[in-house]
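Whatever order the structure lists them in is the order used to number ligands and atoms, beginning at 1.
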Amino acid sequence: MAMTSLRVRRHRLPLWALVLTVVAVALPAIATSRAQGAATGCTVTYTTNEWSGGFTAQIRVTNLGAALNGWRLEWTYGGDQQVTSAWNAQVTQSGGAVTAVNAAHNAVLAAGGSVDFGLQGTWRTADPAPTAFVLNGVPCGGTAPPTPTPTATPTPTATAPAECAGAAICSDFEDQTGTVPSGAWQTTAPDCQGTGKVSVDTSVAYSGTRSLRINGGAGYCNHAFAASTRDLSSVGPVVYVRMRVRHTTALPTNHVTFVSMPDASQGGRALRVGGQNGALQWNRESDDATLPEQSPAGVALSTPLPTGRWLCLRYQIDTTAQSMRTWVDDQEVAGLHVDGVPTQDVDGQWLARGTPPRPTGLRLGWESYGTGDDTLWFDDVALGSSPIGC
Ligand code: CA
């Protein structure tokens, strides 16, 4: 059995340029000379974000052998990495040897099936990514694939609804028949109501001929949202969201919100996506914590939003660990990344308080607290327990 070198790509960059390190190990169906039809194998993608002193890793295991009821993935760190926590698996470490065992909810790994889990850890002098893995005693390691196959960002796909069929929310608004939201979307103003207006627009759309339009007014209180009627309490453990948004006006200096998710971890108060100091941000209603921190360095780690065209906003929220990621047009926004380890200017303030979010609903609209108005549109909105590409 020829073992060729592994394909390993690594970069180390400052925090403002967190990059993905992807290691792929694949071994399709090894047949040994004495195996009796026991051809097995596995593929592991190990994707890390690293910074000085810390890292997170997202690990996907694909089972190329027979179905497993209970799985155990082992590897050895070549550096001084120390795992400090994990999600969707129980991870233990002895010296450099690491063992990840399934969680109760993902014990069954079908033939050809995949499972994802993640971990976070610390390192001091070196943190090379592992290159060999063993699944239930069977090495995965070996032959590098012809091309690096894994990516952390799903490939852009066609527009809704086909690619999000089965997701908790999968809406292109084409089923809206009136001029105001109906059916799966209902107009709401959670706090107070003024001149803000929600409508179904038949002249501007990303897909088809209909979209959700918000005429958002400045000042408190002109809140206007369309709320999905879906209860999202059981979506997860990671909640994935994808939507198309079109702004008319750049994000203002003052704080505004255009996505609001009732959050059980805040007693129903909202986890919000919006803007402040001209850049995209997350805000937690219960304590007004922001992501990134609103220092100049923090704001610089986020991004303004384009106007006059559709953008693709994607984010994911882990409901079991402090982990959130955000993409605009498939570019990850470094400042909108909670990795569980407090980082100054990014998630230091966010992690100082609060617990992992548990979104229970989705509201799209506009909420301003001072100056800042906008006319904006939403289309092709999807939310579910699996990643949904742009
Ligand atoms: Ca549409």
Kindly report the OD2-the Ca ion (ligand 1)-OE2 angle for D379 and E174 respectively, rounded to 10°.
150°
Here the vertex angle at the Ca ion (ligand 1) for OG of S207 and O of R210, given to 10°, is 160°
Does NZ or CZ of R314 lie under 6.0 Å from the centre of the six-membered ring of W327, at an angle within 45° of the ring axis?
yes
Using 3.0 Å as the threshold, say whether any N, O or S atom from D172 sits that close to the Ca ion (ligand 1).
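Yes.
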Does Q81 form a side chain to side chain donor-acceptor pair (under 3.5 Å) with Q93? I'd like the steps, not just the answer.
CA-CA 10 Å; Q81 296 103 316; Q93 183 171 359; over 6 Å; no
Quick one, N283 with T290, criterion side chain to side chain donor-acceptor pair (under 3.5 Å). Give me CA distance, side-chain angles, the key distance, then yes/no.
CA-CA 4 Å; N283 173 279; T290 66; over 6 Å; no
Where does the angle between the aromatic ring planes of F378 and F258 fall among parallel (under 30°), tilted (30 to 60°) and perpendicular (over 60°)?
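Because their plane-to-plane angle lies in the 30° to 60° range, the rings of F378 and F258 count as tilted.
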